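As the structure is a computational prediction, the values presented were derived from the model and not from experiment.
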2 protein chains.
Amino acid sequence: MSNAKALPLLDPGAEPCCPPLTERPLTAEEAVRTAAMFKALGDPVRLRLFSLVASHEGGEACVCDISDVGVSQPTVSHHLKKLKDAGLLTSERRGTWVYYRVEPSVLAAMGHMLGRATA
Amino acid sequence: MSNAKALPLLDPGAEPCCPPLTERPLTAEEAVRTAAMFKALGDPVRLRLFSLVASHEGGEACVCDISDVGVSQPTVSHHLKKLKDAGLLTSERRGTWVYYRVEPSVLAAMGHMLGRATA
DNA sequence: TGTCTATGTTGACGACTGTCGAATCAGGTG
DNA sequence: CACCTGATTCGACAGTCGTCAACATAGACA
């Protein structure tokens, strides 16, 4: 987390994960890992925070810019941490503010599972 | 797996839903609706059941064929109902057995949000 | 150095969720 | 008709989750 690199510095055992859901049944282990990512996006506040970061210019945003989602700031921090734990976001402190950015590889993996990118 | 009909017999307010997450921040309402779908897939058992149905031939499977996910049958039924409530599955009773099938439009919508499926 | 602003952490509370056993409903078969 | 199998619903329980107020930490600036 030193600086900007698109290199997917993946968490322990975070491959492309899984084939499209329409291709083959998931194993128990795959399901556990994948469900964790879906669960991270399964909360309205978290989903909104994630979209705020993902749609921000450069794919990064500081907390001060996305704290307007209707909950208290500790709660925002809590959800941001959950997203980070799920591997969907990475954080970087730059001076006074902390910037969050999306992990594009994980996003693509989830989209691949759902959208059957057979093309 | 070119199913016969892609007809989306939509649930109450089940449009294409939302733009890709990387395009624009979701509104609160969009986030609530979309998070419900992600949450439905946010449980390992449910995700496995869903993949079992989705990957079955014809996109449909009877309960008797997907009950081997490590939990009791009432629990399977419970999760199946959740998936149905979320609009991800539809059920149909055919004689003795009940068949579940995936709702392709919802799958595509989620994939579109995450991975911008292709283009 | 001290103080102020910006984030993250802790502890607690209410609500929801996943799970099971038992009971119930639906349909087929003798 | 009675009976049996498959599937859902009911009631209850433990565990997790989302939320907040209060406190702690990190860095900037005077």
Open item on the list: Output the rounded distance in Å from NZ (B:K81) to C1' (C:dT19).
Closed with: 17 Å
Without placing hydrogens or testing angles, list every side-chain donor-acceptor pair under 3.5 Å for residues 61-71 of chain A, not counting sequence neighbours.
residue	atom	partner	partner atom	Å
A:D65	OD2	A:H56	NE2	2.8
A:S67	OG	A:V63	O	2.5

Task: Considering all heavy atoms, the nearest A:P25-B:S51 contact - done: CA-OG, 3.6 Å
Task: Per B:V71 side chain, nearest of listed nucleotides C:dT7, D:dG18, C:dC20 - done: C:dC20
Task: Minimum side-chain heavy-atom gap A:P20-A:M113 below 4.5 Å - done: no
Open item on the list: Starting the side chain at C-beta, find the nucleotide from C:dT7, D:dA7, D:dC20 nearest to B:C62.
Closed with: D:dA7
TODO: Nearest whole angstrom, please: distance from the C1' of C:dT7 to the CD of A:E92.
DONE: 15 Å
- [ ] Could you check how far OH of A:Y99 sits from P of D:dG27, rounded to whole Å?
- [x] 15 Å
Open item on the list: Under a 4.0 Å threshold between the charged nitrogen and the carboxylate oxygen, would B:E103 count as salt-bridged to B:K84?
Closed with: no
TODO: Verify the contact: side-chain N or O of B:S72 to OP1 or OP2 of C:dC20, cut-off strictly under 4.0 Å; return yes or no.
DONE: yes
Task: side-chain N/O A:Y100 vs C:dG8 OP1/OP2, d < 4.0 Å - done: yes
- [ ] Measure the distance from NE2 on B:H79 to P on C:dT17 and round it to the nearest whole Å.
- [x] 12 Å
- [ ] Would you mind telling me which of C:dT7, D:dT8, D:dC20 lies closest to the side-chain atoms of B:S77?
- [x] D:dT8
Open item on the list: On DNA chain D, does the nearest nucleotide to A:R93 precede the nearest nucleotide to A:H78 from the 5' side, or the other way round? Give the residue.
Closed with: A:H78
Open item on the list: Please classify the nucleic acid contact of B:T75 as base, sugar-phosphate, or nothing, using heavy-atom distances under 4.0 Å.
Closed with: base
Open item on the list: What I'd like to find out is whether the side chain of B:H112 reaches to under 4.5 Å of the side chain of A:L114, using heavy atoms alone.
Closed with: no
Task: Between P of D:dT16 and CZ of B:R46, the distance in whole Å - done: 16 Å
- [ ] Answer with yes or no whether the hydrophobic clustering places B:V76 together with B:V98; edges join I, L, V, M, F, W, Y residues whose side-chain heavy atoms lie under 4.5 Å apart.
- [x] yes
- [ ] For A:R94, answer base if it contacts any base atom (sugar-phosphate contacts may also be present), sugar-phosphate if it contacts only those atoms, and nothing otherwise; contact means non-hydrogen atoms under 4.0 Å.
- [x] nothing
Open item on the list: Quick check on contacts: within residues 34-45 of chain B, what sits under 4.0 Å from DNA chain C by heavy-atom distance?
Closed with: B:K39, B:D43, B:V45
- [ ] Flag the pair B:T22 / A:L107 as yes when at least one side-chain heavy-atom distance between them is below 4.5 Å, and no otherwise.
- [x] yes
Task: Interatomic distance where CG belongs to A:L49 and C1' belongs to C:dT7 [whole Å] - done: 14 Å
- [ ] Among C:dG8, D:dC17, C:dG18, find the nucleotide with the atom closest to the side chain of B:K82.
- [x] C:dG18
Task: Protein-nucleotide distance (A:D85, atom CG; D:dC17, atom C1'), rounded to Å - done: 14 Å
TODO: Please report, rounded to the nearest Å, how far the C1' atom of C:dG21 is from the CD atom of B:Q73.
DONE: 13 Å
